[in-house]
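Structure record follows, encoded as structure tokens.
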Amino acid sequence: MTDAVEKLISATRALLDYMEEEFVFDKMGDAGCGGVDPYRSETFDNLIRAARAALKDVDGASS
């Protein structure tokens, strides 16, 4: 595996971990009480799951 690919894998993993740890959302809705209710769209969740699956596939292939 090239150094560039290893850097991409590491950066992707760090980004995905950060999004989980910091509760990153892509949508907001009116909570009805003057506040907002953040949430993740189905598209965003699907992209996160696909990226995690791709990382798992690459890690399995490199072992």
Side-chain angles (χ1 to χ4, degrees):
M1 191 175 313
T2 67
D3 188 46
V5 172
E6 288 178 12
K7 286 180 183 179
L8 176 61
I9 291 168
S10 178
T12 302
R13 184 175 291 112
L15 176 61
L16 291 170
D17 289 346
Y18 177 83
M19 289 190 313
E20 289 297 321
E21 292 167 7
E22 297 298 326
F23 304 108
V24 176
F25 304 100
D26 67 329
K27 298 283 186 173
M28 288 197 165
D30 184 353
C33 61
V36 293
D37 187 21
Y39 63 97
R40 287 183 176 168
S41 67
E42 186 176 334
T43 300
F44 192 43
D45 270 340
N46 289 340
L47 289 169
I48 291 169
R49 277 194 288 280
R52 287 238 183 251
L55 281 175
K56 186 177 179 182
D57 288 347
V58 169
D59 282 344
S62 66
S63 298

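Note that the coordinates shown come from a computational prediction; the quantities given were computed from them, not determined experimentally. Computed over heavy atoms, backbone and side chain alike; hydrogens, waters and symmetry mates excluded.
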> Is there a path of hydrophobic side-chain contacts, each under 4.5 Å between heavy atoms of I, L, V, M, F, W or Y residues, that connects Tyr18 with Phe44?
Replying inline: yes
> Asn46 and Arg49: side chain to side chain contact (heavy atoms under 4.5 Å, CB included), yes or no, with the steps?
Replying inline: CA-CA 5 Å; Asn46 289 340; Arg49 277 194 288 280; 2.8 Å; yes
>> Which residues pass the side-chain contact (heavy atoms from CB on, under 4.5 Å) test with Ile9, not counting sequence neighbours?
In response: Met1, Val5, Arg13, Leu55, Val58, Asp59
>> How long is the straight-line distance from CZ of Arg52 back to CG of Asp57, given to the nearest 0.5 Å?
In response: 13.5 Å
Give the table of side-chain donor-acceptor pairs shorter than 3.5 Å for residues 21-34, with sequence neighbours excluded, one pair per line with atom names and distance.
from	atom 1	to	atom 2	distance (Å)
Asp26	OD1	Ser41	N	2.8
Asp26	OD2	Ser41	OG	2.7
Asp30	OD1	Gly32	N	2.8

> So, Thr12 side chain and Leu8 main chain: donor-acceptor pair closer than 3.5 Å or not?
Replying inline: yes
> Can you find a pair of side-chain heavy atoms, one from Met19 and one from Leu16, that are under 4.5 Å apart?
Replying inline: yes
> Roughly how far, to the nearest 0.5 Å, is CG of Leu15 from CD of Glu20?
Replying inline: 10.5 Å
> Quick one: side chain to side chain donor-acceptor pair (under 3.5 Å) partners of Asp37, sequence neighbours excluded?
Replying inline: none
